[in-house]
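Questions regarding the structure given below will be posed in turn.
Naming convention: chains lettered A, B, ... in sequence-line order (proteins, then strands); numbering from 1 in each chain. Since we're looking at a predicted model, the values are computed, not measured. Just so it is clear, the values below take in all heavy atoms, side chains as well, and ignore hydrogens, waters and symmetry mates.
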Amino acid sequence: MNIHGIRAIYRFEMARTFRTLMQSIASPVLSTSLYFIVFGAAIGSRMGDIDGTSYGAFIIPGLIMLSLLGESISNASFGIYMPKWAGTIYELLSAPVSWIEVVIGYVGAAASKSVMLGLLILITARFFVDYEILHPLWMFGFLVLTSVTFSLFGFIIGLWADDFQKLQVIPLMVITPLTFLGGAFYSINMLPPFWQKVTLFNPVVYLISGFRWSFTGRADVHIAVSAGMTLGFLLICLAIVWWIFRSGWKLRA
Amino acid sequence: MAAIPSLASHPAETPAAIVSIRGVGKTYKGGFEALKQINLDIRRGEILALLGPNGAGKTTLISIICGIVNASTGTITADGHDIVRDYRAARAAIGLVPQELHTDAFESVLSTLRFSRGLFGKPPHPAHLENILRELSLWDKRNNKIMTLSGGMKRRVMIAKALAHEPKVLFLDEPSAGVDVELRHDMWQMVRRLRESGTTIILTTHYIEEAEEMADRIGVINKGELILVEDKHTLMRKLGKKQLTLSLQQTMREIPPGLAGLQLELSTDGATLVYTFDTQSEETGIASLLRRLGEHGIDFKDLQSSESSLEEIFVSLVHKPKGDRA
């Protein structure tokens, strides 16, 4: 195992994060705060409780997931796309590092940043609404698992993309709608029966449901299903990255 | 051309080879054959210059050795390790300075060197990095962001990055591209010092002067084929031509019939005679020529000799039909 190689990539990526604090941390925290002000404090105060939880507290897991998914994908995809774009990828390709070491370095850094962001949003939420976390370990576990899985997904997007538009299209056109329709702002039990069934095809439902369960103890789908679906997606992403590095697709001529 | 250089095909690896290339070919998806069955042994501790026109396949060959491009056929070992099966050990022995200036614009010089060293699996070694930076006159710029440096400085940074993990083999792909004369000479000195410290250096270049100045051996690639690889001095001796130019006392209309059969050319103004002879011949015939000129009453007021440069040899090689080389 090339531990020095992993450390070099991880440090390089974290340094990039801290160079762009406004973009990578301040911006998502600000936008999430605006959600709390509008949906939590302003509109939320006029809405009834959902499953015994105030609306402001109910949307916290969904809002964290909204930022977490977007930022995980964005961080990891930019992390590997930029060397491709700038041409510095030559160094990575000619270095004695295996695909898994590259993944640990890049995805580990992107996921670390996402976890930091998620915790920061959680702290920010405290300024706007009262909430409690029934299962803090599960909450942290889901935070880490989701960050890693979607950073891995973002890493694949970064490997696949050959222009900046492709880099943005999946997060904007797929992930954001799926998150909004995945129960970030409502319980899927509030939907008509037909749409409840349709919604179950949305993988983000399982993430938000599981994460919300760690806060309130209530979930739209069983916690084991949520964890299993997320783990399954992680394994699929890992297999795809392995194949890309093995075949050299989009990497080696 | 009288002499024939040895062809660059070696069926068995030579013991002193640090990089051994066997039957390496590369055909891109579109069907373009960039390399055709390259066989080459790069000797430990030498400076090998790969010459070739644009698109000849020099960069493709280097990229394959370094792991950036997959070969279609053949095998390569670096420092005794197969570059595919035992890629960790093989790549750890290699440093690459690519042709294009690919740098992390927002990183500082020192941090990008630390990154390179770590990426190649080496523990931190601040003293080594300081030595490299001082050697390349970059120490004062160590905390500067790379984007603030000039093109020449960026080229040095790329060399420093390639040296950060103490490679045994250094590939320099067009190191002098876009570099001013002073920096080019500094770089040549640095390359010589690296060779003295035991590093094997392979450079591709368009500057024939660079190869002539630095290389121990010359390899010529054209249209994906390694036309020849030869000791520089041997190559120049084998393929070089010498010319003796005589400035005549009196102009001539034509070369006298008695001097026919000699490699003589008369200038259009009739004031200069040029005698071409083979550098490998035991008997160049200069003494005989001068005697026979005297016999024909041809006096000269000045004479000078010249020999072909590597550039002329290179141009003649890449423009020569394939059958004429072998």
Would you find more than 12 non-hydrogen atoms of other residues, nucleotides or ligands less than 6.0 Å from B/Trp139 atom CH2?
-> yes
Selection from B/Ser111, B/Gly118, B/Ser116 maximising heavy-atom pairs under 4.5 Å formed with chain A | B/Gly118
So which of A/Ile6, A/Leu251, A/Ile9 has the biggest tally of heavy-atom pairs under 4.5 Å with chain B?
-> A/Ile9
Answer with side chain, backbone, both or neither: which region of B/Tyr28 has an atom nearer than 4.5 Å to a non-hydrogen atom of chain A?
-> side chain
Interface moiety of A/Leu92 toward chain B, non-hydrogen atoms closer than 4.5 Å | both
So which of A/Gly5, A/Gly105, A/Ala15, A/Gly87 has the largest heavy-atom pair count under 4.5 angstrom toward chain B?
-> A/Gly87
Could you check if a side-chain atom of B/Phe115 sits within less than 4.5 angstrom of a side-chain atom of A/Glu91, using non-hydrogen atoms only?
-> yes
Side-chain heavy atoms of A/Tyr90 within contact of B/Ser63, under 4.5 Å | no
Minimum-distance pair of heavy atoms, taken over all atoms of B/Phe120 and A/Pro96 = CD2-CD, 3.3 Å
Which value, rounded to the nearest 0.5 Å, describes the distance between B/Ile146 atom CD1 and A/Thr88 atom OG1?
-> 9.5 Å
Could you please state which residues from residues 88-109 of chain B sit under 4.5 angstrom from chain A, measuring non-hydrogen atom to non-hydrogen atom, sorted by number, or 'none'?
-> B/Arg88, B/Arg91, B/Ala92, B/Leu96, B/Pro98, B/His102, B/Thr103, B/Asp104, B/Phe106, B/Glu107
Could you tell me which residues in residues 121-130 of chain B have at least one non-hydrogen atom under 4.5 Å from a non-hydrogen atom of chain A, sorted by residue number?
-> B/Gly121, B/Lys122, B/Pro123, B/Pro124
Say whether, by atom type as modelled, one donor and one acceptor occur between the side chain of A/Asn2 and the main chain of B/Leu119 under 3.5 angstrom.
-> yes
For A/Arg7, is it the side chain, the backbone, both, or neither that has a heavy atom closer than 4.5 Å to a heavy atom of chain B?
-> neither
Residue among A/Ser98, A/Pro83, A/Ala8, A/Ser94 with most heavy-atom pairs under 4.5 Å to chain B = A/Ser94
When you look at NZ of A/Lys84, are more than 12 heavy atoms from neighbouring residues, nucleotides or ligands closer to it than 6.0 Å?
-> yes
